[in-house]
Amino acid sequence: VSAERFPIERVPPAVAAIAQRLIGAGHEAWYVGGAVRDALYEAATGKAVTRTGDYDIATSAPPPEVRSLFRRTVPIGIEHGTVAVLDEGGGAHEVTTFRKDVRTDGRHAEVEFGVSLEEDLARRDFTINAVAVHPGSGEMRDPFDGRGDLGRGVVRAVGDAATRFREDRLRVLRALRFGAAPGFTIEPETWAAVTASAHELSHLSRERVREEWVKMLLASAPARGIGLWLEAGVLGEIWPELASLDAARVAALDGVQGADPVTLTAAALAAAGAGSETARHAAARLRFSNRDAERIEAVVAALARPLPDPEDEIGVRRWLAANLTHYTDISRALPARFRDRLVAAVIAVRLRGAPLSLEQLAVDGSDLLAAGVKAGPAVGRILRRMLDEVLEDPARNTREYLLTRPYLESAD
Ligand code: CTP
């Protein structure tokens, strides 16, 4: 972090080319934001950071000038000065004109262009996010000692924390995300502003809140990230369904396997005693996709029901058949003390090739019709009954056995 030159070799060539073009046209251009922060952190600690976001470019060029300099651009946030420049492969890279806030209501900001790099850095949220890198030389501008804070593992607002959070309440959640990273703490005044703002988050867009929740889960151990939301008084504000979680239950979430945010969200809801309906509504409220909301609902439902005894083969087959679609998610969220034995039992069932779904039955609907069952709901009912018999004993999955069941005759 103390190095005077940023390792610009790490910057993707497509981004570097955009910066060079801006500079070549006589403008200032600097790399800024999360990619700079994460690269400096990696360089200082040797710890890799999982990062999906690209390098952002801040420039003195006004937005219309940015648009005229590149063949393909998309004005993705033009009122805030952000233009996406498309590279050869169609990849989008954000270029934002130096700006300062003139008015904010905690959600939307009105900005003014024509300011210096220093002014632009001064309106950013945290010192660790207010470092600029020159694309040609790797020289760094770091007026708030963001590199020092990165090295010390400190999340500190640029200037007055309370003011920063009033400008944009999402910064409260961002502070918690950065503060939950391994080795980081939130500086006392910034922390005081976080806790003071905990009740002011209701106006934030739910998509943005969901995105921050997911980023937090990806950036830290769940016990630490969710634990920090809890400690800050934010957890119950965003997720009333999780209001009953205490530190001990949050700590247990570290037992969830893998780092999938959807599974973790489900495990948290289950730990808080939410039912599957409640969980689904909560997921929908925070604008999880339908698919993710379904996964959350299925995991919560499975965890709310009794789990089978791993020694009971029939019980394991029935349970697996009922939870087949979301089995992977469910298995990751199982209580740690139980998981290994149940997963082993499931693997054994699968290795034996036992049929688990209607599609795997030796007969299908047309066989039932040919055997004289009337078209209609009876077909599905009989097939489900057959599956139940086969789950009890897989050896029953033959046409001979299934097509001679007495309940075929009596079906209406
Ligand atoms: N920023 C800010 N206030 C916010 C959001 C962003 O001041 N509420 C500034 C920070 O300097 C931040 C930069 O804008 O580094 C880019 O923001 P964004 O891309 O949203 O986040 P990153 O910090 O890049 O981090 P990540 O991609 O990990 O979210």
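Both counts, for ligands and for their atoms, begin at 1 and track the order of listing.
Residue-level proximity to ligand 1 for Arg177 is carried by the side chain, the only part with a heavy atom below 4.0 angstrom. Contact annotation: for Asp168 versus ligand 1, heavy atoms closer than 4.0 Å belong to the side chain alone.
Ranking the protein heavy atoms by distance from atom 29 (O) of ligand 1 puts Lys215 NZ, 2.7 Å first. Nearest protein heavy-atom contact of atom 21 (O) of ligand 1 is Arg174 NH1, 3.2 Å. At the top of the distance list for atom 24 (O) of ligand 1, counting protein heavy atoms only, stands Gly34 N, 2.8 Å. In terms of protein heavy-atom proximity, atom 13 (C) of ligand 1 is closest to Arg124 NH1, 3.4 Å. Looking from atom 19 (O) of ligand 1 to the surrounding protein, the closest heavy atom is Asp56 OD2, 3.6 Å. Remark: minimum distance from atom 27 (O) of ligand 1 to any protein heavy atom is reached at Arg51 NH2, 2.9 Å. Counting protein heavy atoms only, atom 10 (C) of ligand 1 is closest to Asp125 OD1, 3.5 Å.
At a cut-off of 3.5 Å, with distance as the only test, no side-chain donor of Thr97 or Thr59 sits close to an acceptor on the other residue.
Put simply, no part of Glu167 is less than 4.0 Å from ligand 1, judged by heavy atoms.
Side-chain atoms of His326 do not come within 3.5 Å of backbone N or O of Asp329 as any donor-acceptor pair. Remark: the backbone N or O of Val115 is not paired with any side-chain donor or acceptor of Arg99 at under 3.5 angstrom. Using modelled atom types, no side-chain atom of Thr190 and backbone atom of Ile186 make a donor-acceptor pair closer than 3.5 Å.
Relative to atom 3 (N) of ligand 1, the option among Arg164, Arg171, Glu211 with the closest non-hydrogen atom is Arg171.
Using cut-offs of 30° and 60° on the angle between ring planes, the pair Trp213 and Trp229 is perpendicular. Classification of the Phe178-Phe126 ring pair by plane angle, with boundaries at 30° and 60°, yields perpendicular.
The residues Arg177 and Glu212 are annotated as salt-bridged, a charged nitrogen and a carboxylate oxygen being separated by less than 4.0 angstrom.
Contact of the His93 side chain with the Tyr55 side chain is not registered, since no non-hydrogen atoms from C-beta on lie closer than 4.5 Å.
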